[in-house]
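Before anything else, here's the structure in question.
Every chain is numbered from 1 and lettered A, B, ... according to where its sequence line falls, protein lines coming before strand lines.
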There are 2 protein chains.
Amino acid sequence: MTAASPSTPLRVALAGLGTVGAGVLALLQRNLPLIARRAGRPIIVTAVSARDRQRDRGVAIADLAWEDDATALASRPDVDAVVELIGGADGPALTLARAAMAAAKPFVTANKAMMAHHGLELATAAEQAGVPLKFEAAVAGGIPIIKGLREGAAANSIAAVHGILNGTCNYILSRMERDALEFSDVLADAQALGFAEADPSFDIDGVDAAHKLAILSAIAFGSKPDFAAVAIHGIRPVRLVDIHQAAALGYRIRLVGHAEQAAAKLLQRVQPVLVPLAHPLAAVKGPLNAVVAEADHAGRLIFMGAGAGAGPTASAVVADLMDVARGERGPAFAMPVAQLVAMAPADPSERQARHYLRLRVADRPGVLAEVAALLRDSGVSIERLNQPAPDADGSVHLMIVTHLVAEWAAGAAPGARGGRRAVLAPPLIMPIMEEEQFA
Amino acid sequence: MTAASPSTPLRVALAGLGTVGAGVLALLQRNLPLIARRAGRPIIVTAVSARDRQRDRGVAIADLAWEDDATALASRPDVDAVVELIGGADGPALTLARAAMAAAKPFVTANKAMMAHHGLELATAAEQAGVPLKFEAAVAGGIPIIKGLREGAAANSIAAVHGILNGTCNYILSRMERDALEFSDVLADAQALGFAEADPSFDIDGVDAAHKLAILSAIAFGSKPDFAAVAIHGIRPVRLVDIHQAAALGYRIRLVGHAEQAAAKLLQRVQPVLVPLAHPLAAVKGPLNAVVAEADHAGRLIFMGAGAGAGPTASAVVADLMDVARGERGPAFAMPVAQLVAMAPADPSERQARHYLRLRVADRPGVLAEVAALLRDSGVSIERLNQPAPDADGSVHLMIVTHLVAEWAAGAAPGARGGRRAVLAPPLIMPIMEEEQFA
């Protein structure tokens, strides 16, 4: 890539013309003069590829070159940079990424699954080709969190990153809380409103958030992206009764992606967590995203905004293209691949925290005493205990807040010696996030 | 500036060794290997200048070259980039900035006053010299908000920026609220704790926040920085009774820097504002800062963190140096000076909003009817009115929430025909920020 004169446009190929692809086209058209002023040169789309050439997308593509095979975009002489919005960890997206590197073309993607699984390979190829590989849109939509950590907080050693990284889950949890609805009712509603996919499992089971967390971890800690090491728990087991109980204790339940360095190991986890009301993540409602980074010099940095949608995602894609247009070509994961460390994964279940437990217990005299004894004998100390009135279906729950204890111990206790008779189902366990008030 | 080989250190001169200067030295020493991994080359300080060479700053400077005159740093052959941490809009800081440009050395500063007053001149000089001029630390301390707007949100047209830009004011307002204390008591406490200067007027009268707002505006709107056009009101007139009344109505009082584009004009204002509890700025407590940008594609972006202090400010200074080390040299205000527009200032008092008014009124029968009639006759419609019990000193206050009205009208009404007899002092007027709940 040679330095272009200020008036030379950056010519972009767009692979994938779904909601986000159409959003990128619309944004580039709408803000063309502003983008040229800020990027130092215009950014124009010259070629596109998608499944169906005829579909009406609300933006004109008749004047653009068309390729049935996205891979062909990378080798076109009228293309300076390739944008991938196809999705999927493998398949045509990955083929295109490799083709762009082979053709030494800058590559911009919103593909978190591909970056979580193949980010290291692609970063290596980008370095060898001497071209930028950029993926701001892959994490937290329109929030410039990749840039914020990679450059804004670059002087800091980061101790931990916490994030609300999936807008679907946050929408569901917020709606359950606000409207006192059960998970399944809100999910159906979210699907009808377009906040959740027909097959919502990637979102609600935490996989999507885990992809994003693996990418964030690599940038925050200078470690090799390690998606396989993320411990993942989704929000399916969370019930309205948990949300009510958490609220009574002064918490909100959020699906939190959490990564921290501890004793040269890297802990990565996606899990529903009790967040204290005073913590900034508790204020994140609806389909928003947020990332909190604990930095050794900057202190706590908080970034919030829209985590998905055509406009926000397009904003992040075009910001990356503007960096490319300006000639920015630093390493994908903030430092050269050779400098990234392979950090041993920490076992999240060893982490000490106060925990929230919900146990479904038998409806007979003496159960409370049995459970209390089980916990005592397992060394799990109880800070609070509550037994609300039985559910509509007659099932009886015990909610327990433990003192500091490893998660495995809190979870194992109810199943210990004889516990199976008192406790009717595997317990729901959620860690409690602690928060200091301002001084 | 020619491209340096990866192992060539960036050699930095530091002018000013107060809290922040010592913080930069400490950060560069502590995180040296990490910074080199991320910046692609080490960053080292080679020369310093300050008032007193002998003072103990907790960091060793004996090995560094010393200049009594900071200006001399710019022309040293062992200096690649100059960091200015002297402070002050003019004087030695400005002299050094001009010297750095004349010597074609990249220049990094934390000086908001200088950038607000002389930013355009310096940006022009930097462009002519072909060197970067960077000032992340000048706005909101450790929060990477300059980068966030200049690059992260670069694809967006920004409609408005709201910020809590002065940690001292936010600390004072938060403490008044939390501990039910009067302004003067908290100010004395803040001075004792080091959160406020011995002469606090730059902070509490809103000048510091206005400097930062003028810089943010230029970057957000592509306009020439125009500090003179910022309407400035500080927090001195805010009393505990206002904070209580605001809380009863569902608001917190915050000193908000607000800039918006309206009909090709630019409104810039620093003023105490009633912020609804659901708005992210209401959650900003203690000495924190936050900036909210309303972007046309990304939507609402929120950045929060520490707005001052040695660590956070050093974090921002070193992030700028790392950009310099990587070869980043885009224009200071996101686009070339020739592209910046001189926007006509909008008159903030014309802005329509609901307003909070506190009137000190005479303690005699019929005053309430007189004030109500005055407001009615001036076309100011009352949404709520409250007359709390008289103060300890016997003074009687009326608190009024108006319907939508221009600020000048709300303010003028109590002084209109005969109002002087009923209203004993100029009213305190604060606009009320509106907030939509998530859908």
Side-chain angles (χ1 to χ4, degrees), chain A residues 23 27-28 30-31 34-35 37-40 136 141-144 147-148 150-157 174 222 280 283 285-288 290 295-306 309 311-312 314-319 321-323 326 328 330-331 334-336 339 437-439, chain B residues 23 27-28 30-31 34-35 37-40 136 141-144 147-148 150-157 174 222 280 283 285-288 290 295-306 309 311-312 314-319 321-323 326 328 330-331 334-336 339 437-439:
Chain A
L27 169 51
L28 284 172
R30 210 169 299 147
N31 286 352
L34 180 69
I35 288 167
R37 281 165 76 201
R38 288 201 181 123
E136 182 65 78
I143 308 171
K147 185 174 279 286
R150 181 182 182 269
E151 302 162 37
N156 294 269
S157 172
S174 300
K285 293 184 186 173
L288 295 181
D296 68 344
H297 285 79
R300 172 180 284 177
L301 293 171
I302 304 161
F303 303 78
M304 287 188 205
S315 165
V317 167
V318 176
L321 285 173
M322 292 172 77
D323 270 355
R326 291 188 193 106
E328 196 275 320
M335 56 184 75
Q339 305 260 6
Q437 289 280 24
F438 85 92
Chain B
L27 168 52
L28 284 172
R30 212 170 296 148
N31 286 352
L34 180 69
I35 288 167
R37 281 165 76 202
R38 289 200 181 124
E136 183 65 80
I143 308 171
K147 185 175 279 285
R150 181 180 182 269
E151 302 163 35
N156 294 268
S157 171
S174 301
K285 293 183 186 173
L288 295 181
D296 68 343
H297 286 78
R300 173 180 283 177
L301 294 169
I302 304 161
F303 304 78
M304 286 189 206
S315 165
V317 167
V318 176
L321 286 173
M322 293 172 76
D323 270 355
R326 291 188 193 106
E328 196 275 319
M335 57 184 73
Q339 305 261 6
Q437 289 279 24
F438 84 94

Open item on the list: Quick check on the interface: out of Gly305(B), Pro144(B), Gly299(B), who has the most heavy-atom pairs with chain A under 4.5 Å?
Closed with: Pro144(B)
TODO: Write down the atom of Gly142(B), the atom of Ala298(A), and the distance for their closest heavy-atom approach.
DONE: O-CB, 4.2 Å
- [ ] Return yes if a side-chain donor-acceptor contact under 3.5 Å exists between Ser315(A) and Asn156(B), otherwise no.
- [x] yes
Task: Distance in Å, Leu288(A) CG paired with Arg300(B) CZ, rounded so as to fall on 0.5 Å steps - done: 9.0 Å
Task: Heavy-atom side-chain contact between Glu151(B) and Glu328(A) under 4.5 Å - done: no
Task: Part of Gln339(A) within contact of chain B (heavy atom distance under 4.5 Å) - done: both
Open item on the list: What part of Ile35(A) gets within 4.5 angstrom of chain B, counting heavy atoms only: side chain, backbone, both, or neither?
Closed with: side chain
Open item on the list: I need the residue from Ile143(B), Leu27(B), Leu34(B) with the largest number of non-hydrogen atom pairs under 4.5 Å to chain A.
Closed with: Leu27(B)
Task: Toward chain B, the part of Ala306(A) with a non-hydrogen atom under 4.5 Å - done: both
TODO: For each of Met304(A), Arg326(A), Arg150(A), tally heavy-atom pairs with chain B at distances under 4.5 Å, and name the one with the top tally.
DONE: Met304(A)
Task: Proximity breakdown for Arg30(B) and chain A, heavy-atom pairs closer than 4.5 Å - done: side chain
- [ ] Find the one option among Gly330(B), Ala39(B), Ala154(B), Pro331(B) whose heavy-atom pairs under 4.5 Å with chain A are most numerous.
- [x] Ala154(B)
- [ ] Would you check if the side chain of Arg37(A) reaches a backbone N or O of Gly222(B) as a donor-acceptor pair within less than 3.5 Å?
- [x] yes
Open item on the list: Counting C-beta onward and ignoring hydrogens, is there a side-chain heavy-atom pair between Asp296(A) and Asn31(B) closer than 4.5 Å?
Closed with: yes
Open item on the list: Between Ala153(A) and chain B, with a heavy-atom cut-off of 4.5 Å, which part of the residue counts as in contact: side chain, backbone, both or neither?
Closed with: backbone
Open item on the list: What part of Arg38(A) gets within 4.5 angstrom of chain B, counting heavy atoms only: side chain, backbone, both, or neither?
Closed with: both
Task: Heavy-atom pair count under 4.5 Å with chain B, highest-scoring of Gly152(A), Ala155(A), Ser157(A), Gly23(A) - done: Ala155(A)
Task: Contacting moiety of Leu301(B), where chain A heavy atoms sit under 4.5 Å - done: both
